[in-house]
Asks: 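Can you read through this structure? Questions will come right after.
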2 protein chains.
Amino acid sequence: MTQTAPSILARRIQEAGLRLTAPRRVILQVLDSADDHPDVEELHRRAQAIEPGISIATVYRTMNALTEHGLIERQRFDDGRMRYEAVPEEHHDHFIDVETGEVVEFRSDEIERLQQDIARAHGFEIVSHRLDIFVRRKR
Amino acid sequence: MTQTAPSILARRIQEAGLRLTAPRRVILQVLDSADDHPDVEELHRRAQAIEPGISIATVYRTMNALTEHGLIERQRFDDGRMRYEAVPEEHHDHFIDVETGEVVEFRSDEIERLQQDIARAHGFEIVSHRLDIFVRRKR
DNA sequence: TCTTTAATGCGACTAATTCGCAGTTGAAAC
DNA sequence: GTTTCAACTGCGAATTAGTCGCATTAAAGA
Ligand SMILES: [Mn+2]
Ligand SMILES: [Mn+2]
Ligand SMILES: [Zn+2]
Ligand SMILES: [Zn+2]
């Protein structure tokens, strides 16, 4: 039987003590082949395309489990919904094009370092942060 | 009759072509005397304390009107709800203490400038941005 | 193969916010 | 001061994103 290549996340989900179920296999495959920042509804749509019958509740629960175990990253831009992306090699922040909705990633070591400095000066240690820059294309 | 001093926002709301109604007077008074980042439920609670009978729908609608006219600033930290604050003299970003929920404001001209630089390098112009730093007190 | 218990699908529920509607009222025009 | 009328209000119903209870299924370790 031709079977889909095992997801990169599949290993990690089992290492985390989670079960690798059929719906999860599909969701992980969707996540592996995503290079954007889909929300649950979009993930569900993509999962359905591979294997109809997967419940949206399962997508929600799976994404929660993955997030809690640090296997995926969760973002909320400006519309209400949560968006997901693979845990990146290296932390990055986001430009969001207000006209198109397009998301562009960037990283500034300088900004990261300045945040550390400012937090320290306030007697805080950083747990996490989010820098969303809403932009439009210059012309 | 002793009447509350007219809200600073009262003038501006009329300049914006909005009506200065009784519920709005109360809400504006609440906003003027707030120095934190209350959500709608908290604003409603405070408004009710001054004048019972004000509907939460009115608070929602008023905050939307104020936001649309740029008379107030709207934030969403990490819980789902929207939070509001007076439009600040000068833009600032936020530390959010993950243990207490406390919000501390800060401003870094350097970070602001770097954002401009990076956006420009990507061919973007910045519409707005948000930098939320989730922290805990160092000890 | 057996057993245990996490995971699933479903539909009901919740929380935050919006909306339709009938009645009220600010404020501009008389 | 009175009239006028669209903006605003309170109410409850609707919407949206996400969670949860429950009976059933099925991973995966023994
Ligand atoms: Mn990203
Ligand atoms: Mn602030
Ligand atoms: Zn960053
Ligand atoms: Zn800033």
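Quick note: numbers below take in every heavy atom, side chains included, and nothing from hydrogens, waters or symmetry partners. Just so it is clear: chains get the letters A, B, ... in the order the sequence lines come, proteins before strands, and each one is counted from 1.
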Asks: What is the distance, to the nearest angstrom, from the CZ atom on R81(A) to the P atom on dT16(D)?
Replies: 11 Å

Asks: In this structure, which one of E85(B), R83(B), R74(B) forms a side chain to side chain donor-acceptor pair (under 3.5 Å) with H37(B)?
Replies: E85(B)

Asks: Over how many whole Å does the gap from E51(B) atom CD to dG10(D) atom P extend?
Replies: 9 Å

Asks: If a protein heavy atom is under 4.0 Å from the base, mark B; if only from the sugar-phosphate, S; if neither, -; do that for nucleotides 22-30 of chain C going 5' to 3'.
Replies: ---BBS---

Asks: Is any side-chain N of the basic residue among R139(A) and E125(B) closer than 4.0 Å to the acidic one's carboxylate O?
Replies: no

Asks: Any ion pair linking R76(B) and D78(A) (charged N to carboxylate O, less than 4.0 Å)?
Replies: no

Asks: Whole angstroms only, please: what is the NE2-P distance between H44(A) and dG9(C)?
Replies: 8 Å

Asks: If I take atom CZ in residue R76(A) and atom P in nucleotide dA15(C), what distance separates them, rounded to the nearest angstrom?
Replies: 16 Å

Asks: Looking at every strand, decide which applies to I54(A) at a 4.0 Å heavy-atom threshold: base, sugar-phosphate, or nothing.
Replies: sugar-phosphate

Asks: So, OP1 or OP2 of dT18(C): does either fall under 4.0 Å of a side-chain N or O from N64(B)?
Replies: yes

Asks: With the criterion being N/O to N/O and under 3.5 Å, what pairs connect the protein with nucleotides 21-24 of chain D, and how long is each?
Replies:
unit_1  : atom_1 : unit_2 : atom_2 : d
dG21(D) : O6     : R61(A) : NH1    : 3.1

Asks: Between the side chains of R136(B) and E99(B), is the shortest nitrogen-to-carboxylate-oxygen separation below 4.0 Å, so that they form an ion pair?
Replies: yes

Asks: Would you say D93(A) and I133(A) make side-chain contact, with heavy atoms under 4.5 Å?
Replies: no

Asks: Check R46(B) with D36(B), please: is the shortest side-chain N to carboxylate O separation under 4.0 Å?
Replies: yes

Asks: Under a 4.0 Å N-O cut-off, is there an ion pair linking R113(B) with D117(B)?
Replies: yes

Asks: Within the structure, does a side-chain N or O atom of Y60(B) lie under 4.0 Å from either OP1 or OP2 of dT17(C)?
Replies: yes

Asks: Less than 6.0 Å separating the ring centroids of F77(B) and H94(B)?
Replies: yes

Asks: Tell me: CG of D78(B) to P of dA16(C), nearest whole Å?
Replies: 14 Å

Asks: What is the distance, rounded to the nearest whole Å, between atom CE of M63(B) and atom P of dT9(D)?
Replies: 13 Å

Asks: If I take atom CG in residue L43(A) and atom P in nucleotide dA17(D), what distance separates them, rounded to the nearest angstrom?
Replies: 14 Å

Asks: When you compare the side chains of H129(A) and H91(A), does any donor N or O come within less than 3.5 Å of an acceptor on the partner?
Replies: yes

Asks: Just the rounded figure in Å: distance from P of dA15(C) to CZ of R83(B).
Replies: 16 Å

Asks: Start at the 5' end of DNA chain C and walk down; is the nucleotide closest to R74(B) or to R24(A) reached first?
Replies: R24(A)

